[in-house]
Asker: 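Dumping the structure here so I can ask a few things about it.
In what follows, chains carry the letters A, B, and so on, assigned in the order in which the sequence lines appear, proteins first and then strands, with residues in each chain numbered from 1.
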Protein chains: 2
Amino acid sequence: MELISRNSKIPLYYQLYEILLNRIKDGTWQPDDLLPSEAELVDQYDLSRATVRQAFDMLVNQGWVFRRRGQGTFVSRPTIEQNLSRIVSFWEDMQQRGLEPGTKVMAREIIPASEDLAEELQVTPGEELASIVRLRLADGEPMSVEYSYLVHQNCLGILDQDYANNSLRQMLRDQFNINLVYARQRIRAVPASEQLAELLDIEPNSPLLHIERVSYSDQDIPIEYLEINLRGDRYTFYTELRD
Amino acid sequence: MELISRNSKIPLYYQLYEILLNRIKDGTWQPDDLLPSEAELVDQYDLSRATVRQAFDMLVNQGWVFRRRGQGTFVSRPTIEQNLSRIVSFWEDMQQRGLEPGTKVMAREIIPASEDLAEELQVTPGEELASIVRLRLADGEPMSVEYSYLVHQNCLGILDQDYANNSLRQMLRDQFNINLVYARQRIRAVPASEQLAELLDIEPNSPLLHIERVSYSDQDIPIEYLEINLRGDRYTFYTELRD
DNA sequence: TAGTGGTCTAGACCACAAA
DNA sequence: TTGTGGTCTAGACCACTAA
């Protein structure tokens with residue numbers, strides 16, 4: 001049983017949320033399984049019921065579990081929506097596809113925001129941005145080249161972190177208390193430039209899936225502008241639409 | 001000021017939620033306006049803070065408001081979500097982009113379902129499908145080539161309709177009582193074949209946005225398999241992701 | 001009847017933003 | 001320094017479900 005740290009900066013309810021979510025993700029608890037009752041978790045982790053409920057609330061809101069009064073809390077059957085329209089890190093994405101993810105950091109630097117980037121991130125042109133260029137690998141083969149831009153003021157010192165082995169989302173949450181909860185994307189098909197073609201080990205002008213994504217925090221503030229160039233021959237983007 | 005009834009069966013937090021939501025909907029509070037603080041509402045309605053927060057939680061989860069620590073709770077700007085993740089017809093889509101839509105029907109016929117198509121549409125191979133090939137125009141210029149497949153049994157006689165000037169969705173709804181409410185898509189970047197390149201008036205191997213879409217009725221029955229080949233230089237796909 | 005989640009109270013201390 | 005939301009506690013009573 002994982003433990004909850006009372007000294008950590010991470011809130012107790014969030015630690016519990018992660019513990020529970022992990023058990024769902026790793027299959028310890030299967031769809032329709034009964035979760036421990038709120039009272040059990042109160043005893044087990046020495047938390048108040050309100051804190052336990054706060055963790056459960058997150059799981060319910062995200063569709064991982066559902067509650068039945070008088071019966072208990074149960075794991076949801078996976079809906080397709082969760083798998084399709086969620087924000088996923090490259091790491092998660094590749095693992096879901098059964099591929100071994102890898103990352104090579106090609107460059108990292110502080111740059112002034114261009115007009116376009118400033119508009120996307122809702123800052124003034126010239127504002128300091130933390131820029132990272134990463135080559136993404138799947139099963140050792142190049143999959144994509146990503147250009148990431150963060151408003152440096154929001155995450156001072158982030159360029160010193162270990163990008164290759166840590167999820168950006170996780171670093172933002174744990175070290176800067178920034179939760180990325182929502183993103184807007186533009187997707188196009190473009191021909192590969194000479195430079196990208198070489199990095200991706202494909203012919204120039206091969207089709208790339210080009211994604212421009214702005215991710216927002218839970219406070220509606222744009223946090224990251226991400227440009228992804230995916231090999232058309234290796235990557236399919238899944239999504240779903242509703243009426 | 002609306003009042004909260006302590007005798008009602010409706011929970012206090014829900015009554016408060018409705019009061020607050022109404023003021024947002026009727027425009028009393030505009031986007032970016034500051035809502036009353038939690039403490040104010042506690043005093044005003046004689047509720048505990050937890051109850052007020054529960055009402056706020058609902059508004060936050062539904063995207064009506066967002067919180068800023070140290071500042072207050074604010075009305076959200078209307079999200080683009082509704083415009084992004086909805087099913088839209090080619091017609092609507094082009095009009096939203098300010099382009100004049102047009103359609104040329106290239107072929108229409110009844111064909112037996114291949115293995116792949118049968119699986120997508122959940123029928124047995126060989127089942128009769130209504131197949132339509134359309135060239136889509138925007139401002140008179142080729143935009144995409146669409147291959148559409150419908151289970152003929154669901155919409156007998158549909159091939160006799162006027163495809164060029166009527167929305168398929170509308171025909172299905174009005175004449176066959178079929179509502180398309182949900183769709184799953186796969187999006188890839190592919191090189192244009194000789195044939196597609198000629199139809200689209202582009203160079204062979206130019207990048208195309210290739211979309212495979214299965215649309216489902218309100219009864220969860222797959223209705224249409226649609227393959228869209230969009231010119232990469234003319235079309236951008238918008239979408240949004242949530243945590 | 002016992003156990004579950006649903007609602008609600010009355011506090012407390014904290015981190016953060018603005019004046 | 002003041003007021004805001006963020007987190008947490010230790011209770012309480014209720015409605016519902018299943019045994």
Asker: Quick one: is B:Gln71 getting a side-chain N or O under 4.0 Å of the C:dA18 phosphate, OP1 or OP2?
Answerer: yes
Asker: Let's see if you can work this out: which of D:dT9, D:dT7, C:dT7 has an atom nearest to the side-chain heavy atoms of A:Leu47?
Answerer: D:dT9
Asker: Taking only the side-chain nitrogens and oxygens of A:Arg53, find out if one of them lies under 4.0 Å from OP1 or OP2 of C:dG5.
Answerer: no
Asker: Checking all strands, does A:Arg49 fall into the base, sugar-phosphate, or nothing category for heavy-atom contacts under 4.0 angstrom?
Answerer: base
Asker: With a 4.0 Å limit, can you tell me whether B:Ser48 has a side-chain N or O closer than that to the phosphate oxygens OP1/OP2 of C:dG11?
Answerer: no
Asker: Which of these nucleotides, D:dT7, D:dA12, C:dC16, is closest to any side-chain atom of A:Pro11?
Answerer: D:dT7
Asker: Are OP1 or OP2 of C:dT4 and a side-chain N or O of A:Ser37 less than 4.0 angstrom apart?
Answerer: yes
Asker: Hey, which sits more toward the 5' end of DNA chain D by its nearest nucleotide, B:Gly72 or B:Ala50?
Answerer: B:Gly72
Asker: Tell me whether the OP1 or OP2 atom of D:dT7 has a side-chain N or O from A:Tyr13 closer than 4.0 Å.
Answerer: yes
Asker: Can you see if the side chain of A:Thr73 gets near the phosphate of C:dG5 - specifically, an N or O under 4.0 Å from OP1 or OP2?
Answerer: yes
Asker: Whether the side chain of A:Arg234 engages the backbone of A:Ala138 through a donor-acceptor N/O pair (distance < 3.5 Å, no angle test) should be reported.
Answerer: yes
Asker: Can you confirm whether the side chains of B:Thr28 and B:Asp26 place a donor and an acceptor under 3.5 Å from each other?
Answerer: yes
Asker: Taking 4.0 Å as the cut-off, does a side-chain nitrogen or oxygen of B:Arg67 come that near to OP1 or OP2 on D:dG6?
Answerer: yes
